[in-house]
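Chain letters run A, B, ... following the sequence lines, proteins first, then strands; residues in each count from 1.
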Number of protein chains: 2
Amino acid sequence: MKTSKEIESCNNCIYRKLLFESLNEEEYRLVNNSRTEYIYKRGEIIRQEGEPIDSFLYLRSGLIKLYKTNKSGKDHILSINKPGDFISLLSIFSNSVYKYSITAIEETKVCEVGLSALQKVIVSNSAFALRVLNKMSRVSDDIIESQFEIRQRQVKGRIAYFILFLADRIYRKREFRLPITRREIGELISMTTENTIRTLSEFRKDGIISMDGKIITILDYDRMQSISKTG
Amino acid sequence: MKTSKEIESCNNCIYRKLLFESLNEEEYRLVNNSRTEYIYKRGEIIRQEGEPIDSFLYLRSGLIKLYKTNKSGKDHILSINKPGDFISLLSIFSNSVYKYSITAIEETKVCEVGLSALQKVIVSNSAFALRVLNKMSRVSDDIIESQFEIRQRQVKGRIAYFILFLADRIYRKREFRLPITRREIGELISMTTENTIRTLSEFRKDGIISMDGKIITILDYDRMQSISKTG
DNA sequence: CTTGCGTTATGACATATGTCATGAAAAAGG
DNA sequence: CCTTTTTCATGACATATGTCATAACGCAAG
């Protein structure tokens with residue numbers, strides 16, 4: 001499952017400042033000693049629903065999806081997360097097991113910090129606790145907001161919303177490679193694969209995007225925004 | 001807006017134990033001095049989207065809805081919350097203004113604690129911080145989970161899910177008074193009022209529930225569960 | 001008590017979405 | 001390289017959901 005291991009110091013990590021800035025030497029050592037860095041290949045499962053929560057996961061590079069499989073075997077994707085996101089913190093303090101599965105959708109570097117070490121530092125360092133609280137509420141907020149936005153749109157609006165999410169928040173470009181299949185887009189926006197494909201084709205026919213396999217270029221950004229808002 | 005004010009000591013509050021147990025005298029005094037208790041009548045707006053977050057809100061009795069109004073003027077309800085729930089904590093640490101509006105759907109008692117007092121205690125008392133972290137993640141988790149469950153069902157399943165939510169988690173009875181209108185149920189499950197009404201009528205015709213205005217009785221609990229799971 | 005307005009209710013019809021079938025294209029695996 | 005599997009694509013049709021119209025009912029304000 002975990003294909004490769006490669007420990008680096010947090011000192012070189014651009015996220016150290018974000019999170020560990022307020023730690024003193026001892027606290028930092030405590031965190032760092034219980035820290036491991038793993039690399040997951042595309043498609044590898046990082047954590048599975050029901051597994052005990054043993055550590056705090058922090059995404060350093062790559063992309064992951066958070067999802068759940070229902071009884072019929074159908075997956076429903078909750079969110080796509082990017083570097084800098086806390087990918088497990090959601091339930092770390094209220095659940096003992098993962099409520100959702102996590103899979104790497106491209107090669108992904110994950111920092112894993114032992115839960116007990118993290119809790120010790122939270123107890124000893126209140127500035128750090130506030131920082132975690134802040135970051136954590138932001139991630140939950142983002143998930144709630146995106147689900148909320150998705151649910152009040154129909155297919156065209158949902159796909160436009162997702163394409164703009166990728167363009168604006170993930171890649172910051174108007175041309176990018178879809179990181180997931182059309183089936184997975186459907187699992188994310190709660191639509192069938194066929195309708196997802198059909199709608200993307202329609203956007204292409206209407207000249208709003210061009211498509212070459214997984215490469216998408218937004219040709220008419222304004223119209224895409226308008227569809228995301230109204231449809 | 002706030003119709004009545006009535007300060008009680010936290011000592012008599014059944015929730016004190018839940019949250020304020022770990023506070024020492026001074027911390028407790030700090031919280032209590034910045035604490036006010038308000039009573040909101042049915043339909044009264046407790047907080048409005050966009051208002052600055054000044055305090056931490058804690059629901060002592062009654063029921064509230066969390067919702068957002070979109071540009072077309074249509075409301076979308078995010079959750080119905082019951083006593084014991086943190087109703088503002090969601091965005092308290094990551095936003096300076098409320099992202100959602102809060103309205104009392106029946107007479108509701110709300111405890112309001114000044115945000116700065118709360119933050120001071122979080123910084124000074126790490127056990128309390130952990131408790132807040134735990135409770136907070138649970139509330140966010142609940143919202144994410146219910147949205148997640150709703151979105152993968154169609155109308156019948158969504159309504160069955162909601163009816164069972166009321167029966168099992170809010171009233172703990174099989175007969176209860178719907179606290180909201182059918183339009184609001186639609187706003188909660190993202191369906192039109194007509195389809196919501198139609199589906200409830202259908203449940204009645206099929207002998208799954210009986211209805212007398214807003215009074216609902218679940219006659220066939222098993223079938224209701226089965227619809228909630230499959231439909 | 002009456003009036004007015006929102007809620008509940010239902011039908012007819014339009015539109016959106018799902019399902020099933022089929023095939024081409026692309027990716028994965030030996 | 002070839003084979004196998006998955007993804008992408010599209011059509012025809014079934015079903016679910018939305019829209020519009022209409023009416024009875026109930027609650028609340030005067």
Side-chain angles (χ1 to χ4, degrees), chain A residues 41-44 65 70 72-77 103-107 150-160 162-163 177-206 209-216 227 230-231, chain B residues 41-44 70 72-77 103 105-107 150-160 162-163 177-206 209-216 227 230-231:
Chain A
K41 288 194 204 137
R42 188 159 78 87
E44 275 191 304
K65 64 174 177 180
N70 68 13
S72 340
K74 194 172 160 44
D75 282 356
H76 285 264
I77 298 177
T103 288
I105 58 183
E106 50 181 62
E107 179 158 309
I150 289 286
R151 77 172 227 207
Q152 59 189 289
R153 292 167 163 80
Q154 30 197 32
V155 201
K156 284 182 200 172
R158 291 180 187 189
I159 292 198
F162 175 66
I163 295 292
R177 187 176 189 284
L178 278 177
I180 56 178
T181 65
R182 283 144 177 83
R183 176 171 55 74
E184 287 173 309
I185 297 177
E187 290 168 356
L188 180 62
I189 66 174
S190 293
M191 286 291 151
T192 59
T193 308
E194 292 93 324
N195 275 326
T196 303
I197 291 172
R198 246 186 277 269
T199 303
L200 280 171
S201 298
E202 205 178 318
F203 283 175
R204 178 174 42 73
K205 281 169 199 157
D206 292 349
I209 60 171
S210 70
M211 282 196 290
D212 180 17
K214 285 217 183 320
I215 306 292
I216 294 221
I227 293 171
T230 64
Chain B
K41 288 195 204 137
R42 187 160 75 87
E44 273 191 306
N70 68 14
S72 340
K74 193 170 162 46
D75 281 357
H76 286 264
I77 297 177
T103 288
I105 58 182
E106 50 182 62
E107 179 157 310
I150 288 287
R151 79 171 225 206
Q152 59 188 292
R153 291 166 164 81
Q154 31 197 29
V155 202
K156 285 181 196 172
R158 291 181 187 189
I159 293 197
F162 176 66
I163 295 293
R177 187 174 189 285
L178 277 177
I180 55 178
T181 66
R182 283 145 179 81
R183 176 172 54 74
E184 286 173 309
I185 296 177
E187 289 168 359
L188 180 62
I189 65 173
S190 293
M191 286 292 152
T192 58
T193 308
E194 292 93 326
N195 276 325
T196 303
I197 290 173
R198 246 184 277 269
T199 303
L200 281 172
S201 298
E202 205 177 318
F203 284 174
R204 178 173 44 70
K205 281 170 197 155
D206 292 347
I209 60 171
S210 70
M211 281 197 289
D212 180 17
K214 285 215 182 324
I215 306 292
I216 293 223
I227 293 171
T230 65

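The distance from atom NZ of Lys41(A) to atom P of dG29(C) is 11 Å, rounded to the nearest whole Å. Taking atom NZ on Lys214(B) and atom C1' on dA9(C), their separation rounds to 13 Å, with Å as the unit. Rounded to whole Å, the distance from CD1 on Ile197(A) to C1' on dG11(D) is 13 Å. Remark: P of dA16(C) and CZ of Arg151(A) are 21 Å apart, rounded to the nearest angstrom. Distance, Met191(A) CE to dA16(D) C1': 11 Å, rounded to whole Å. The CD1-C1' distance, from Ile159(A) to dC8(D), rounds to 13 Å in whole Å. Atom pair Lys205(B):NZ and dA9(C):C1' shows a separation of 9 Å (rounding to whole Å applied). If you measure from atom CG of Asp75(A) to atom P of dT7(D), you get 11 Å, rounded to the nearest angstrom.
When all heavy atoms of Ala160(A) and Ile227(A) are compared, the pair lying nearest together is CB-CG2, 3.8 Å. Annotation for Met211(B) and Arg182(B): closest pair SD-NH2, 3.4 Å, computed over non-hydrogen atoms. Considering every non-hydrogen atom in both Val155(A) and Met191(A), the closest pair reads CG2-SD, 3.5 Å.
Each of dT7(C), dA9(C), dA16(D) was ranked by its minimum atom distance to the side chain of Thr181(B); first place goes to dT7(C). Among the nucleotides dT17(C), dT17(D), dA9(D), the one closest to any side-chain atom of Val155(A) is dT17(C).
Between Ser201(A) and dT10(D), a side-chain N or O to OP1/OP2 separation shorter than 4.0 Å is present. Remark: Arg182(A) is in phosphate contact with dC8(D), judged by side-chain N or O atoms under 4.0 Å from OP1 or OP2.
The side-chain heavy atoms of Lys214(B) and Thr181(B), taken from C-beta on, include a pair separated by under 4.5 Å. Taking 4.5 Å as the limit, some side-chain heavy atom of Arg158(A) sits within range of a side-chain heavy atom of Arg153(A).
Between Arg204(B) and Gln154(B), the one whose closest nucleotide on DNA chain C sits nearer the 5' end is Arg204(B). Positionally, the nearest nucleotide of DNA chain C for Lys156(A) lies more toward the 5' end than for the other of Asp212(A) and Lys156(A).
Axis deviation across the helix from dC1(C)-dG30(D) to dG30(C)-dC1(D) amounts to 60°, comparing end segments of five pairs, rounded to 10 degrees.
The pair Glu202(B)-Lys156(B) meets the salt-bridge criterion, with a side-chain N (NZ, NE, NH1 or NH2) lying under 4.0 Å from an Asp/Glu carboxylate O. Ionic pairing of Glu187(B) and Arg183(B) is present here: one or more N-O contacts between side-chain nitrogen and carboxylate oxygen are shorter than 4.0 angstrom.
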Start with the C-alpha gap between Ile216(B) and Leu200(B), add the side-chain angles, then the distance that decides, and say whether side-chain contact (heavy atoms from CB on, under 4.5 Å) holds.
CA-CA 10 Å; Ile216(B) 293 223; Leu200(B) 281 172; 4.2 Å; yes
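Side-chain contact of Ser190(A) with Arg151(B): a donor-acceptor pair under 3.5 Å is present, judged by distance alone.
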Can you give one letter per nucleotide of nucleotides 19-30 of chain D, going 5' to 3': B for a protein heavy atom under 4.0 Å from the base, S for sugar-phosphate only, - for none?
BB-------S--
